[in-house]
Amino acid sequence: MSGDDRTNPGILLARDQLEQWAGRTLSDDEVARLADAVPRSPIPGAIDTIVSECRTDPDDDDPGTPPELWVCPGCGTRIDASQADCIVDHVKDCDLVDGASNPIGDAR
């Protein structure tokens with residue numbers, strides 16, 4: 001398969017993980033319905049979005065390249081540096097930095 005190992009199963013979701021996300025114990029029937037429903041749900045699109053956001057260069061063939069991160073000097077929150085709107089919103093809401101992203105008081 002042109003160097004792509006399709007025998008590797010990728011990510012498997014354990015029943016414990018599914019139940020943690022569901023917030024309760026799931027019956028065998030619920031797990032079976034979930035297995036049938038996931039491919040038709042928004043989850044595949046969400047995975048595509050997550051993988052796409054991992055790229056710092058859209059022309060980069062390595063989808064595992066993590067984004068460059070901006071780190072809030074007040075609280076340490078990490079945000080994809082290319083997401084300027086998210087950074088601005090964080091600075092507005094963070095009580096540990098001023099409007100110019102300078103630490104206030106005993107910042108971490």
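If you read the sequence from its start, that first residue is 1, and numbering goes on from there.
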Can you tell me if Asp85 has over 12 outside heavy atoms packed within less than 6.0 Å of its CG?
no
Ionic contact status for Arg24 with Glu30, cut-off 4.0 Å
yes
Carboxylate-amine/guanidinium contact Arg15 Asp28, below 4.0 Å:
yes
Here the pair of heavy atoms bringing Pro73 nearest to Val97 is CG-CG1, 4.1 Å
Looking only at heavy atoms, what is the nearest atom pair of Pro39 and Pro44, with distance?
O-CG, 3.7 Å
Considering only heavy atoms from C-beta outward, does the side chain of [X] approach that of [Y] to under 4.5 Å?
{"X": "Trp70", "Y": "Val91", "result": "yes"}
{"X": "Leu96", "Y": "Ile104", "result": "no"}
{"X": "Leu34", "Y": "Leu18", "result": "yes"}
{"X": "Cys75", "Y": "His90", "result": "yes"}

Closer than 3.5 angstrom, by distance alone: can the side chain of Glu19 be matched with the main-chain N or O of Leu26 as a donor-acceptor pair?
yes
Roughly how far, to the nearest 0.5 Å, is the [atom2] atom of [Y] from the [atom1] atom of [X]?
{"X": "Ser41", "Y": "Asp36", "atom1": "OG", "atom2": "CG", "result": "11.5 Å"}
{"X": "Thr25", "Y": "Asp16", "atom1": "OG1", "atom2": "CG", "result": "9.5 Å"}
{"X": "Ile79", "Y": "Cys72", "atom1": "CD1", "atom2": "SG", "result": "7.5 Å"}

Looking only at side chains, do Asp29 and Ser27 share a donor and an acceptor under 3.5 Å apart?
no
Same apolar cluster (I L V M F W Y, side chains within < 4.5 Å links), Leu13/Val31:
yes
